[in-house]
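One structure below.
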Amino acid sequence: GMYCTQCEAMGFRRITYYLDRPDVMAVFEHVRLEAPKKNYPVLLSNGNLVERGDARDDDDGSRHYATWSDPYPKPSYLFALVAGDLGSVTDRFV
């Protein structure tokens with residue numbers, strides 16, 4: 001499975017109260033995602049990855065977390081969260 005936010009155009013107000021307009025900008029300084037490692041090995045959000053590791057309250061080590069920080073003000077409809085078992089394709093252009 002996978003979780004993805006779709007905040008555009010009015011979806012962020014389903015997450016939390018927020019003035020969901022393009023002229024209202026915010027910095028999302030500390031976004032923490034936590035999920036089971038097995039089902040959701042990749043945790044993504046806007047900005048820069050600050051920290052990741054095993055969840056502290058988890059005795060069996062089955063959960064992990066990732067903390068993201070986005071220093072650029074943006075409207076709420078550009079906020080994004082993704083958790084899932086994602087793959088990637090890499091290539092190189094010479």
Side-chain angles (χ1 to χ4, degrees):
M2 183 184 310
Y3 288 101
C4 298
T5 56
Q6 173 56 34
C7 294
E8 195 171 330
M10 298 185 300
F12 194 82
R13 65 180 71 168
R14 292 182 180 167
I15 298 171
T16 187
Y17 174 77
Y18 197 87
L19 294 173
D20 199 359
R21 301 186 334 229
D23 63 327
V24 177
M25 308 270 263
V27 173
F28 297 96
E29 291 183 36
H30 185 88
V31 177
R32 180 183 162 109
L33 291 86
E34 186 173 322
K37 287 183 201 179
K38 181 179 177 185
N39 298 339
Y40 308 100
V42 178
L43 304 173
L44 301 173
S45 187
N46 301 77
N48 304 308
L49 180 62
V50 176
E51 183 180 19
R52 68 176 158 194
D54 293 331
R56 292 185 190 149
D57 298 343
D58 188 27
D59 294 332
D60 64 358
S62 64
R63 296 180 66 79
H64 67 136
Y65 74 94
T67 304
W68 296 82
S69 178
D70 189 352
Y72 301 104
K74 65 177 45 58
S76 63
Y77 60 84
L78 294 179
F79 178 79
L81 294 176
V82 176
D85 190 2
L86 305 171
S88 67
V89 175
T90 59
D91 198 358
R92 203 175 83 152
F93 179 77
V94 181

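Computed over heavy atoms, backbone and side chain alike; hydrogens, waters and symmetry mates excluded.
- In this structure Asn48 satisfies the side-chain hydrogen bond (donor to acceptor under 3.5 Å, both in side chains) test with no other residue, sequence neighbours excluded.
- Under a hydrophobic clustering in which Ile, Leu, Val, Met, Phe, Trp and Tyr are joined whenever their side-chain heavy atoms come within less than 4.5 Å, directly or via other members, Val27 and Val50 fall into different clusters.
- With sequence neighbours left out, Arg52 forms a side-chain hydrogen bond (donor to acceptor under 3.5 Å, both in side chains) with no residue at all.
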Pair up each side-chain donor or acceptor in residues 36-43 with any protein partner under 3.5 Å, not counting sequence neighbours, and list the distances.
unit_1	atom_1	unit_2	atom_2	d
Lys37	NZ	Asp54	OD1	2.5
Lys37	NZ	Gly61	O	3.3

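- Residues Trp68 and Asn46 have side chains not in contact (no heavy-atom distance under 4.5 Å, counting atoms from C-beta outward).
- Among residues two or more places apart in sequence or in another chain, the side-chain hydrogen bond (donor to acceptor under 3.5 Å, both in side chains) test is passed with Tyr65 by Glu51.
- For the salt bridge (Lys or Arg N to Asp or Glu O under 4.0 Å) condition, the pairs that include at least one residue of residues 71-80, sequence neighbours left out, are Asp70-Lys74.
- Met25 and Leu78 sit in two unconnected hydrophobic clusters of ILVMFWY residues. Membership requires side-chain heavy atoms under 4.5 Å apart, directly or through other members.
- Residues passing the side-chain hydrogen bond (donor to acceptor under 3.5 Å, both in side chains) test with Glu29, sequence neighbours excluded: none.
- Between the CZ atom of Arg32 and the CG atom of Leu81 there is a distance of 13.5 Å, given to the nearest 0.5 Å.
- The side-chain contact (heavy atoms from CB on, under 4.5 Å) test with Val82 singles out one residue from Leu33, Thr5, Leu44, and that residue is Leu44.
- Side chain of Ser45 to main chain of Ala80: a donor-acceptor pair is present (N/O by atom type, distance under 3.5 Å, no hydrogens or angles).
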